[in-house]
Chemist: 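Take this structure, written in structure tokens, and hold onto it; I'll ask about it next.
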Protein chains: 2
Amino acid sequence: MVERFARRIPEPTVVRLPIYQRALRELSAGGIATVSSAELADAAGVNAAKVRKDLSHLGTYGTPGTGYDVNFLLGQVRHELGLDREWQVVIVGMGNLGHALAHSQRFSTQNFHTVALFDVDPVKVGEDVDGIKICHLSELSSLGGTSRMIGVIACPATSAQDVCNRLVQVGVGAILNFAPAILTVNSPVLLRNVDFAVELQTLAFYVVHPEAVSGPEGTP
Amino acid sequence: MVERFARRIPEPTVVRLPIYQRALRELSAGGIATVSSAELADAAGVNAAKVRKDLSHLGTYGTPGTGYDVNFLLGQVRHELGLDREWQVVIVGMGNLGHALAHSQRFSTQNFHTVALFDVDPVKVGEDVDGIKICHLSELSSLGGTSRMIGVIACPATSAQDVCNRLVQVGVGAILNFAPAILTVNSPVLLRNVDFAVELQTLAFYVVHPEAVSGPEGTP
DNA sequence: CATTGTGAACGCCTTCACAGCC
DNA sequence: GGCTGTGAAGGCGTTCACAATG
């Protein structure tokens, strides 16, 4: 197989790949062998043109007149996302959110393995969560980080930058931040933010400004 | 005050407003009276041109040579986001995530009031969370919904669409979905999704494809 | 004949750069 | 002099529409 040279995949496409992946998994589990771009689009909540353009960035995997082979395409998408490799997840901050994440990761996607949990609260340290003991944050530095280790920040905003620095120090490849704070990382460590308050306030804006809503399937 | 006619605010700008709002709150709490676009940009993790363009969509609130009055701008942003009104939040699915959300909302932004919690688990029904009793999902329909009520879906993906339908039925103005599922709403109800698996897999993609990373402040 | 892959057109956000103002 | 507001330029993703294909 000839690996094409450095095809650039637009970020919006990258963000949709996990959604296609899930849709394809469901189709596959349902015994569906083939999908058209229109069907996949429907399952993913986008339009067909977008699906075809997105998938064309990965390669030429479709068959005109027929569609895409579900299992084959699923494999390609999973490979592109790196899901055919093992990933380690460490969570810092074991409040309710930390617990929720520790559970949900096992659910949503295999190949993401929670390997360590940290907190500063002496009451929580030592607690066993699905077979993993919560350690004190000070023990984080003794963890051997790799680029395929992802750090999850689920602590209060006030300590988020400190935790972030520690994770970078350890050598994680990426950080997923749930704390409502703008973090800075110098190194090549990747950072993504998930912010509940932002989502809630964004919804509030559109409720207050209904005329600003851009209908996905609005009347033209 | 003359309300300008239907200025359209781009969605990327809308999503940044909550971030500016938080940055401004912190500046205000720190006793800072004035900010330049460069300083606000720094606090929000974007560039100065974007801040100025974003704020110009709200109105002409800056003073050349000086910057923006922190408290005044904060008030304008909060008004635009509808944060000077009261919002009600109902959460369906009181696992760890539901609990985490029930807590975090009080923290991050005032004027969002959690008013009801629901679950189907008989063990959880009746439990008291910060003074609010968890009710059975079947009682959801007896709730009087308004457009300023936001429904939060924190239940498993399998029941997410059902819960979504019930929330629409009740008459909420918007829905924030944390379940890994593509939901459909017919009515003018707003919908936003937050998906941990998508975030994790997106990070994984960029770890596997470092050349695809678009550095925010990369070397030109 | 149904459906893909894609060049081209379109629209929109970002960035630039500077006139204007304090 | 410092900084805002904005028209213009540039870049990028989405959508269109159709030739190509099994």
Side-chain angles (χ1 to χ4, degrees), chain A residues 4 7-17 19-20 24 27 32-70 72-73 76-77 202 212-220, chain B residues 4 6-17 19-20 24 27 32-70 72-73 76-77 202 205 212-220:
Chain A
R4 203 185 305 172
R7 46 231 153 132
R8 179 165 202 75
I9 302 183
E11 171 159 347
T13 297
V14 172
V15 175
R16 284 188 292 268
L17 289 181
I19 299 174
Y20 298 146
L24 288 167
L27 290 168
I32 311 289
T34 306
V35 263
S36 65
S37 60
E39 292 163 338
L40 185 52
D42 208 53
V46 299
N47 66 51
K50 206 175 279 183
V51 168
R52 290 201 300 277
K53 183 67 94 180
D54 283 346
L55 296 182
S56 76
H57 287 115
L58 309 188
T60 304
Y61 300 143
T63 307
T66 306
Y68 302 87
D69 180 287
V70 171
F72 178 77
L73 183 58
Q76 294 298 327
V77 172
T202 301
V213 177
S214 56
E217 313 289 329
T219 320
Chain B
R4 203 183 307 171
R7 52 234 148 128
R8 180 167 202 74
I9 301 182
E11 172 160 346
T13 296
V14 173
V15 175
R16 284 189 291 270
L17 289 182
I19 300 175
Y20 298 147
L24 288 167
L27 290 168
I32 312 289
T34 306
V35 265
S36 66
S37 61
E39 292 164 337
L40 185 51
D42 208 53
V46 299
N47 65 52
K50 207 175 281 185
V51 168
R52 290 202 299 278
K53 184 67 93 178
D54 283 346
L55 296 182
S56 77
H57 287 114
L58 309 189
T60 303
Y61 300 143
T63 307
T66 308
Y68 302 87
D69 181 287
V70 171
F72 178 77
L73 183 58
Q76 293 299 327
V77 172
T202 302
F205 174 92
V213 178
S214 57
E217 312 290 328
T219 321

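Heavy atoms only: backbone and side chains are in, while hydrogens, waters and symmetry mates are out.
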Chemist: Atom pairs under 3.5 Å, N or O on each side, protein against nucleotides 16-21 of chain C: can you list them with distances?
Modeler:
unit_1, atom_1, unit_2, atom_2, d
dA17(C), N6, Arg52(B), NH2, 3.3

Chemist: Would you mind reporting whether Leu40(A) and Leu73(A) have side-chain heavy atoms less than 4.5 Å apart?
Modeler: yes

Chemist: Taking the side chain as every heavy atom from C-beta outward, state whether Leu55(A) and Tyr61(A) have any atom pair closer than 4.5 Å.
Modeler: no

Chemist: Whole angstrom is fine here: how far is it from CG in Asp54(B) over to P in dT14(C)?
Modeler: 7 Å

Chemist: Rounding to a whole Å, what distance do you find between Arg16(B):CZ and dC12(C):C1'?
Modeler: 12 Å

Chemist: Which atom pair, heavy atoms only, marks the closest approach of Gly62(A) to Pro64(A)?
Modeler: O-CD, 3.9 Å

Chemist: To the nearest 0.5 Å, tell me how far Glu39(A) CD sits from Ile32(A) CD1.
Modeler: 8.0 Å

Chemist: Round to the nearest Å and state the distance from Asp69(A) atom CG to dT3(C) atom P.
Modeler: 16 Å

Chemist: Closest approach of His57(A) and Arg8(A), non-hydrogen atoms and distance?
Modeler: CD2-O, 4.0 Å

Chemist: I'd like to check Thr13(B) versus Leu58(B) (side-chain heavy atoms, cut-off strictly below 4.5 Å). Are they in contact?
Modeler: no

Chemist: Tell me, please, the opening and closing nucleotides of DNA chain D, 5' to 3', among those with an atom under 4.0 angstrom from a non-hydrogen atom of chain B.
Modeler: dG2(D) to dA8(D)

Chemist: For Leu40(A) and dA2(C), what is the distance between atoms CG and C1' respectively, to the nearest whole Å?
Modeler: 17 Å

Chemist: Taking atom P of dT14(C) as reference, at what distance in whole Å does atom CD of Glu11(B) sit?
Modeler: 11 Å

Chemist: Under 4.0 Å, counting only non-hydrogen atoms across every strand here, what does Ser37(A) touch: a base, just sugar-phosphate, or nothing?
Modeler: sugar-phosphate

Chemist: Is there a side-chain contact between Tyr68(A) and Arg52(A) (heavy atoms, below 4.5 Å)?
Modeler: yes

Chemist: Search all heavy atoms of Tyr20(B) against all heavy atoms of Asp54(B) and return the closest pair with its distance.
Modeler: OH-OD2, 2.6 Å

